Colleague: 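Have a look at this one.
Owing to the predicted nature of the structure, the values given are computational and were not obtained by experimental measurement.
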Amino acid sequence: MTQKKYWIAGIATLFLSVALFTGCSWGMDWFGGGDTKKAEEGVSSKVIDSDFTLTDTEGKVHKLSDYQGKKVYLKFWASWCGICMKTLGETNAFAGEEHKDFVVLSVVAPGVSGEMPKDKFISWFHGLNYHHLPVLLDEGGKVTRNYGVRFYPTSVIIDSEGVVREVRPGHMSKSAVLDVMAEIP
């Protein structure tokens, strides 16, 4: 290889590494927040008014407070995010497993920040045949903004009392989620 090809390969590798560990962020400047937040006693109230009511792609209504007493793993993602799409099968399988003390949910903001409109998204998502992963539709992006999401994917860990324990940009593997869930009440 010529020196120019090594430089190009090195730059491409660096770009992919940064994208893998930080996530996709196209057009998300208006969301605000988004720093990794972790606290012994939950994330500051500046970021979270944690309860919400959202409808999923099947028309079922989900209210976060309905999960009181269980921990919640929320994955915020977008259809245009390559990392999100590459890991969606893993998240679907994870959501399909039996978890005695926590639930797995995901959130998409149709029509916001480059995401397709609601009806088109629902049709597209149903075509993927992921039957285990509940996808909550955050029309207008209010919940996404409230949780300080600036990058996709972003994981939010909520304890059994409804306190947000962590907001983490980038992909969280199943083992990482299980580790965090084991550490919180």
Colleague: Just so I know, are the side chains of Leu178 and Met181 near enough to count as touching, which here means a heavy-atom distance under 4.5 Å?
Modeller: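 A side-chain contact is absent here, since even the closest heavy-atom pair is not under 4.5 Å.
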
Colleague: Does any non-hydrogen side-chain atom of Tyr147 lie less than 4.5 Å from one of Leu74?
Modeller: yes

Colleague: Determine the minimum heavy-atom distance between Pro117 and Pro110, stating which atoms define it.
Modeller: C-CB, 4.0 Å

Colleague: For residues 123-139, which residue pairs qualify under salt bridge (charged side-chain N to carboxylate O under 4.0 Å, His left out), counting only residues two or more places apart or in two chains?
Modeller: Lys118-Glu139

Colleague: Give, for atom CD1 of Ile158 and atom NZ of Lys70, the distance between the pair rounded to the nearest 0.5 Å.
Modeller: 14.0 Å

Colleague: Hey, are His132 and Glu97 close enough side-chain-wise for a donor-acceptor pair under 3.5 Å?
Modeller: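 Glu97 vs His132: no donor-acceptor pair found between side chains.
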
Colleague: Measuring only between side-chain heavy atoms, which start at C-beta, is Thr55 closer than 4.5 Å to Val61?
Modeller: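 In short, these two side chains touch, coming nearer than 4.5 Å.
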
Colleague: Are Ile122 and Leu137 close enough that some pair of their side-chain heavy atoms sits under 4.5 Å apart?
Modeller: yes

Colleague: Say you draw a straight line from CD of Glu115 to CH2 of Trp124; how long is it, rounded to the nearest 0.5 Å?
Modeller: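 Taking CD in Glu115 and CH2 in Trp124, the distance rounds to 7.0 Å.
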
Colleague: Quick one, Phe121 and Val135 - any side-chain contact, counting heavy atoms below 4.5 Å?
Modeller: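 Counting from C-beta outward, Phe121 and Val135 do come under 4.5 Å.
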
Colleague: Atom CG in Asp101, atom CG in Asp159: separation rounded to 0.5 Å?
Modeller: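 Between atom CG of Asp101 and atom CG of Asp159 there are 11.5 Å.
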
Colleague: Evaluate the side-chain proximity of Met172 to Ile157: yes if any heavy-atom separation is below 4.5 Å, no if none is.
Modeller: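 Heavy-atom side-chain distance check passes, below 4.5 Å.
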
Colleague: Of all heavy-atom pairs between Ala95 and Pro134, which one has the smallest distance, and what is that distance?
Modeller: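 Residues Ala95 and Pro134, closest heavy atoms: CB-CD, 4.4 Å.
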
Colleague: Measuring from atom OG of Ser106 to atom CZ of Phe125, what distance do you get when rounded to the nearest 0.5 angstrom?
Modeller: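 If I round to the nearest 0.5 Å, the distance is 6.0 Å.
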
Colleague: Kindly give the heavy-atom pair with the smallest separation between Asp56 and His62, and that separation in Å.
Modeller: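 Nearest heavy atoms, Asp56 then His62: OD2-NE2, 2.8 Å.
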
Colleague: Which is it for Leu128 and Met85 under the side chain to side chain contact (heavy atoms under 4.5 Å, CB included) test, yes or no, and what are the steps along the way?
Modeller: CA-CA 11 Å; Leu128 296 177; Met85 295 310 301; 4.1 Å; yes

Colleague: What's the shortest heavy-atom distance between Cys81 and Tyr152, and which atoms?
Modeller: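 That would be SG-O, 3.4 Å.
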
Colleague: Any side-chain heavy atom of His99 sitting closer than 4.5 Å to one from Phe94?
Modeller: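 His99 vs Phe94: side chains touch.
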
Colleague: Please examine the side chains of Phe52 and Lys142, heavy atoms only from C-beta on, and report whether any two atoms are closer than 4.5 Å.
Modeller: no

Colleague: To the nearest 0.5 Å, what is the distance between CG on Leu136 and OG1 on Thr144?
Modeller: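 So the gap between those two atoms works out to 10.0 Å.
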
Colleague: Please answer whether the main-chain N or O of Glu90 pairs with a side-chain N or O of Thr87 as donor and acceptor at a distance below 3.5 Å.
Modeller: no

Colleague: Report the residues that fulfil side-chain hydrogen bond (donor to acceptor under 3.5 Å, both in side chains) with Asp179, sequence neighbours left out, ordered by chain and then residue number.
Modeller: none

Colleague: Determine the minimum heavy-atom distance between Arg145 and Gly140, stating which atoms define it.
Modeller: NH1-O, 2.9 Å

Colleague: Would Arg168 and Val180 satisfy side chain to side chain contact (heavy atoms under 4.5 Å, CB included), going step by step from the backbone distance to the final call?
Modeller: CA-CA 11 Å; Arg168 184 186 296 190; Val180 171; 3.9 Å; yes

Colleague: Do you know which two heavy atoms are closest between Phe151 and Pro169, and how far apart they sit?
Modeller: CD1-CB, 4.0 Å

Colleague: Is there a donor-acceptor pair closer than 3.5 Å between any side-chain N or O of Lys75 and the backbone N or O of Thr91?
Modeller: no

